[in-house]
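Report on the following structure.
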Amino acid sequence: MSLESPSSRTHVAVFWAFVAALGVRLGIAILAPVINSDGPLYLTQAETLLRGDFSRALFDHNYAPATGALISVALFLGLPPELAGRLVCVLAGALAVFPLHALARRAFSAPVAAAGVFLYAFAPVPAHLSAAVLTTGPFLFVSLLALGLSAQLRETPRAWTALLAGTAVAIAYATRADGLVLLPFAVAAGLFARGRGRGARVLLALLAVAPAVAAAAIYVRMGGASITHKLDATEWERFLALALPSRYVLGLMWEDLGEAIFLPLVPFAVLGLAARAKGGDRVLRIACLVLVAVWAVVLMRYAWATGAMSKRYTTPLAVLLLPWAAAGLMHAAEWCAARMAVGARGKAWACALAVWIACVACVPKLLRTHDGDRLVEKAAGLFLKDQPGPRSAVLCGSTCVPFYSGLPPAPIVLATYPPDRAFSELRRRGVTYVVKDRGLEALAPEFVKALQAPRVTPLGRITVSGSDDVLEVFRLTGRPPRKPHGPQAVPGDGR
């Protein structure tokens, strides 16, 4: 007997999944004691866009503009910067429930789709990243929307659907450079649209590709990020020859992807991949898996080039695999229910219980925060905010210190100059404070050693409970060290 629910029950399940996703992300955002390290950069970009300085917003901040543009709308409505950034990202991350459900329902079935969106609502890594001022929440929503529209284009081919799918891909690219990976999916949906002739299918593919290619061409032409990070064909061949067999690169991908899915769900995702799905669109499932594989290759190229990987990059792949985890979880629950001979109704309850247990298992990790290191940066920023006298800018390796101090950050590259030149340039630019933190020590050790009188005046050492970091705050005095005049005796020369 089928476990398909009536349409009204499906809508109720999706609504409650959205409420759960929104509540989880709002809770994390409210409990977060300090903004994430990239957050001030997106907020600065949003404020720059709000002032109408589009060229500076695109090039000086070196971030794709879509997230900053969304935050600028919230700023225009009068919200405080940190609240505006968090609210936009939280809401976008929660709204991703709807396109994810639509995609999973086409690929699998209504029960699997409902289970998948509940797993997404409570999955710790997507929840934490969506609650921060990052591209993750907006990118998840718009990329899943692009995939859902592409799947709809294949089933019900219409010109406006093709344009919407291409536009969603363009917005995804304007949110994160790897969003352009979605373009072949939209083009293939147009080329293999059902019930249309060859010429009509080609036209649909062109309509899907036009907005995305136009946005990418304009952005790259203006100096924005490209998906290949300016690797030429030879370097791509070298990557494919060396990086794919590399246990290091594969280990980075597997570790971050598994954690983004939530490790206890990984066996069920494997089971969902191995088990025969009941109903749904088999071609769509295969297309999604191919997309995940291609996306993973692009991310592994990035890991190979930079030696680093981040859960921020693997989270979209993990979210795409959550329906398979839901299918595997329900398959295991149905198997257990069948062994107990409880009937179809018992199987439905067993599936619901399995999903509930999986969601509850995520709660401890949802409550875990990683903001201890940045608490001291917030304390240093608030300390500077209370300082009397004229203030202009602060030099430090952190983005949080300038954000909470209300001071613009001085270009940290100035600290890499020779000390005399660095302090001279800082005084010329009117920089008031220097904060010695880990970032500054790692980037400019010689400059840090030169933080002594008479160049600077110590103002205090900042510490907070729960963190071992100590930040030292200095005020520039505006006086260079005195140089000795006249002949000087050299020790040991006999004088």
> Is a donor on one side and an acceptor on the other found under 3.5 Å between the side chain of R86 and the backbone of E82?
Replying inline: no

>> With a 4.0 Å cut-off on N to O distance, would you call R312 and D38 a salt bridge?
In response: yes

>> On the six-membered ring of F76, is R51 placed so that its NZ or CZ lies under 6.0 angstrom from the centre and within 45° of the ring axis?
In response: no

>> Centroid separation under 6.0 Å, is that true for the rings of F447 and F423?
In response: yes

> Do the non-hydrogen side-chain atoms of L320 and L144 ever get within less than 4.5 Å of each other?
Replying inline: yes

> Between Q152 and T161, is a side-chain hydrogen bond (donor to acceptor under 3.5 Å, both in side chains) present by the stated rule, with each step listed?
Replying inline: CA-CA 8 Å; Q152 183 180 348; T161 307; 4.5 Å; no

>> I'd like to know if the side chain of T416 and the backbone of V413 have a donor-acceptor N/O pair within less than 3.5 Å.
In response: yes

>> Just so I know, are the side chains of C396 and L471 near enough to count as touching, which here means a heavy-atom distance under 4.5 Å?
In response: no

>> Would you say that V181 contacts L291 through its side chain, given a criterion of any heavy-atom pair below 4.5 Å between the two side chains?
In response: yes

> Can any side-chain N or O of S143 pair as donor or acceptor with the backbone N or O of L140 at less than 3.5 Å?
Replying inline: yes

> What heavy-atom pair brings V117 and V97 nearest, and what distance separates the two atoms?
Replying inline: CG1-O, 3.5 Å

> Can you find a pair of side-chain heavy atoms, one from L440 and one from V448, that are under 4.5 Å apart?
Replying inline: yes

> With side chains defined as the heavy atoms from C-beta onward, is the minimum distance between L75 and P81 less than 4.5 Å?
Replying inline: yes

> Do the side chain of H128 and the main chain of L366 share a donor and acceptor less than 3.5 angstrom apart?
Replying inline: yes

> Between the side chain of S72 and the main-chain N/O of L50, is any donor-acceptor distance below 3.5 Å?
Replying inline: no

> Is the closest side-chain heavy-atom distance between F118 and W16 below 4.5 Å?
Replying inline: yes

>> Ignoring hydrogens, what is the shortest heavy-atom contact between A104 and P323? Give both atom names and the distance.
In response: CB-CG, 3.9 Å

> Quick one: are S405 and L382 in side-chain contact, heavy atoms under 4.5 Å?
Replying inline: no

>> To check you understand the geometry: which heavy-atom pair defines the closest contact between A121 and R25, and what is its length?
In response: O-NH1, 3.1 Å

> Is any NZ, NE, NH1 or NH2 atom of the basic residue among R428 and E425 found under 4.0 Å from an Asp or Glu carboxylate oxygen of the other?
Replying inline: yes

>> For S398 and E377: C-alpha separation, side-chain torsions, deciding distance, then whether side-chain contact (heavy atoms from CB on, under 4.5 Å) applies.
In response: CA-CA 7 Å; S398 162; E377 297 172 3; 2.9 Å; yes

> Which pair of non-hydrogen atoms, one from V133 and one from G85, has the smallest distance, and what is that distance?
Replying inline: CG2-C, 3.8 Å

> Ignoring hydrogens and geometry, is there a side-chain-to-backbone donor-acceptor pair from R374 to I35 under 3.5 Å?
Replying inline: yes

>> Go through it in stages, so that I can follow the logic: the residues are S150 and L147, the test is side-chain contact (heavy atoms from CB on, under 4.5 Å), and I'd like the CA-CA distance, side-chain angles, deciding distance and then a yes or no.
In response: CA-CA 5 Å; S150 300; L147 292 175; 5.5 Å; no

>> Tell me if the aromatic rings of F474 and Y433 count as close, with their centers under 6.0 Å from one another.
In response: no

> If we only count heavy atoms from C-beta on, is the R285 to W324 side-chain gap below 4.5 Å?
Replying inline: yes

> What are the two closest heavy atoms between I462 and V376, and how far apart are they?
Replying inline: O-CG2, 3.4 Å

